[in-house]
Structure formats: C-alpha cells, structure tokens
Amino acid sequence: MTTGTDLEFTDPLPLEFYNRDPVVVARELLGKMLVRRTRQGLCAGRIVESEAYLAQNDPGCHAYGGRRTNRNATMFGQPGRAYVYLCHGKALICAVIEPEDTASVVLIRAIEPITGIELMAERRGNVPTCDLTRGPGKLCQALAIGLQHDGHDITKGTGLWIADHPDSKGVAISKSPRINVWATPDLELRFFITGNPYVSKSRGPFQTTFTGVIA
DNA sequence: CACAAGATTCTCT
DNA sequence: GAGAATCTTGTGA
C-alpha cells in the first residue's frame, strides 16, 4: 500500500471467485477493492456494502422465475462480468455470480474511497468526501461506470475490475434485509462492514445482525 | 405508441 | 422524513 504505484490493485479476482454461492460471494466481496482506470487516472475504493440477488426463489431479483429481457441478459452469462443497468436514471453495478444460465448477482452498494479521491469529487460535483461513494448510484458516478460496462469482464484488469485487499482481514461485518427491495423484507441478503461511515444506510426500520469477520 | 415502474438521489421541511 | 426529479426499459394497447 506504500509503493505509490497501482501495483497493489493489478491482480483482479479470478473467475472462480465469482463461480460460487452468491451469498458467500456477497460477504467475501466486502473489503475488496473496486478499481477503475480511465485516461483521467486511477480510482479505487474498498467495498463496504453489498447485496446478493438470487437466481432461485428470490422475488427481488430481476431474473425471478427465469424472467429474461434485453436489460438483464448479462445476468445469465458468465460469472466475473459486470451487470450494469439503470434505475431512476442512475447506473448501478453488480458482479455476475454462478455459471452461465444461473442468473445470480451481487450489487455493490457502497465503497470507501481510497485512491483518486480528487477525480471522484470532480465527477460528483465536489460533494464532501463522505458522500462521494455512499450509495450504488453515487459510486458509479464517482467511478464513471455506465451502461457501456454492462457485460464487461472484470477478471482481466482492463479499465474496471475487483482486486484483493489483504488489509481488510478481521474486520467485523453485519447483515440486514436489502435496501428498497420491498418484495423480500425477510431475506437478510445485504452485507456491510460494521460501523463503516461509507455504508449507505447504517440506520433503518430493519434489524441488523453481526455475522462475523472478514476471513 | 403511451405509460408505469423502479436494486436512487437531492432538496426541501 | 416526505416529495420531486430522473430516464431507460418493459409491457400492453
């Protein structure tokens, strides 16, 4: 973390990381680095909040009941791709999980800015640092992630990828129901780093449960 | 072709 | 905390 280069971010997580149980992947993505390189420079942040959307028995999932449209086609493709779509005019980014034709994803809801904070602030209209990436739409704007990334391979280190970040080991994590997914208030499929200030909703009408530490 | 629906965010009270 | 803005996509006439 002290090299002054981006070498520590250059090893993308491999496809096998994503080809597993989406709940496990959602938990294990906490603490990892989301990295974005453009001609303007390098931006990266630690993932502090994620949500799993399941191919099976999950009415909150875009692919519920095998529903397949142009928008969600990427969900049915290979793991280790980005599923980017719009909600209320804002881009949101997920990682595609599990093998082809199994349409599970993990939504990245918040990151903690680490590198390229000035560039992120520029893209976000110079809001305070604490608001740069606290929310799925905000972090996409901060990292200049858009629909052009739908289907992008995030295992190659080309422009947009996710890398390991050993510093996060031992950090406490909690779970809760997902945010703004009214269909399934009972499913605790949201995971976040306990007490991290960049988590989008630390308080809410839902229960949060301590669920362990990062391995 | 019209229209409703969001895995959101911002701007007020 | 409530309400509006936002804009693409999916669906049904």
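Lettering follows sequence order; numbering is per chain, from 1. Just so you know, these numbers come straight off a predicted model, no measurement behind them.
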Applying side-chain hydrogen bond (donor to acceptor under 3.5 Å, both in side chains), name anything that partners A:T129, two or more places apart in sequence or on another chain. none
Roughly, in whole Å, what's the span from CZ in A:F192 to C1' in B:dA7? 17 Å
Give the table of side-chain donor-acceptor pairs shorter than 3.5 Å for residues 182-189 of chain A, with sequence neighbours excluded, one pair per line with atom names and distance.
from, atom 1, to, atom 2, distance (Å)
A:T184, OG1, A:R178, NH2, 2.7
A:E188, OE2, A:T209, OG1, 3.2

Mind checking if A:R124 touches a base, just sugar-phosphate, or nothing, with heavy atoms under 4.0 Å? sugar-phosphate
Please list, by residue number, the residues of residues 171-185 of chain A whose heavy atoms come closer than 4.0 Å to an atom of DNA chain C; answer none if no residue qualifies. none
CD1 of A:I93 versus P of B:dT8: gap in Å, rounded? 15 Å
Evaluate the side-chain proximity of A:K169 to A:D167: yes if any heavy-atom separation is below 4.5 Å, no if none is. no
Which atom pairs, one a donor and one an acceptor, fall under 3.5 Å between side chains of residues 101-108 of chain A and the rest of the protein, sequence neighbours left out?
from, atom 1, to, atom 2, distance (Å)
A:S104, OG, A:A55, N, 2.9
A:S104, OG, A:E98, OE1, 2.9

Within the structure shown, what part of the strands sits under 4.0 Å from A:V106 by heavy-atom distance: base, sugar-phosphate, or nothing? nothing
CG of A:L30 to CD1 of A:I193: how many Å apart, nearest 0.5 Å? 5.5 Å
Atom pair distance, as rounded to whole Å: NZ in A:K138 and P in B:dT9: 6 Å
Select base, sugar-phosphate, or nothing to describe what A:L92 touches, counting heavy atoms under 4.0 Å on all strands. sugar-phosphate
B:dA4 and C:dA4, which share atom name P, separated by this distance in whole Å: 16 Å
Ignoring hydrogens and angles, tell me if any N or O in the side chain of A:E49 forms a donor-acceptor pair with the backbone of A:S200 under 3.5 Å. yes
Excluding A:I179, membership of its hydrophobic cluster (Ile, Leu, Val, Met, Phe, Trp, Tyr; side-chain heavy atoms within less than 4.5 Å) reads A:F206
When the distance from CG of A:L139 to P of B:dT8 is rounded to whole Å, what number comes out? 11 Å
Minimum heavy-atom separation for A:D153 and A:T155, please, with both atom names. OD1-OG1, 2.6 Å
With side chains defined as the heavy atoms from C-beta onward, is the minimum distance between A:E112 and A:N196 less than 4.5 Å? yes
Taking N or O atoms only and anything under 3.5 Å, show me the protein contacts with nucleotides 11-13 of chain B, one pair per line.
none

What stem regions, each of at least 3 consecutive Watson-Crick or G-U pairs below 3.5 Å, can be found for DNA chain C? B:1-6 with C:7-12, B:8-12 with C:1-5
Under the salt bridge (charged side-chain N to carboxylate O under 4.0 Å, His left out) test, which residues partner A:R20, sequence neighbours left out? A:E28
For nucleotides 7-13 of chain C, read 5' to 3', which letter fits each nucleotide if B means a protein heavy atom sits under 4.0 Å from the base, S means only the sugar-phosphate is that close, and - means neither? BSSSS--
Listed partners of A:E51 passing side-chain hydrogen bond (donor to acceptor under 3.5 Å, both in side chains), at least two apart: A:Y53
Only distances under 3.5 Å count here; give the side-chain donor-acceptor pairs of residues 130-142 of chain A to other protein atoms, sequence neighbours excluded, each with its distance to 0.1 Å.
from, atom 1, to, atom 2, distance (Å)
A:D131, OD1, A:R134, NH2, 2.8
A:T133, OG1, A:I111, O, 2.5
A:K138, NZ, A:R134, O, 3.4
A:Q141, OE1, A:R124, NH1, 2.7
A:Q141, NE2, A:R123, O, 3.2

How long is the line joining OH of A:Y85 and P of B:dT8, in whole Å? 7 Å
Would you mind writing out the side-chain donor-acceptor pairs for residues 75-94 of chain A within the sub-3.5 Å range, not counting sequence neighbours?
from, atom 1, to, atom 2, distance (Å)
A:R81, NH1, A:G151, O, 3.2
A:Y83, OH, A:H62, ND1, 2.9

Spell out, as yes or no, whether a donor-acceptor pair under 3.5 Å connects the side chain of A:R36 to the backbone of A:L143. yes
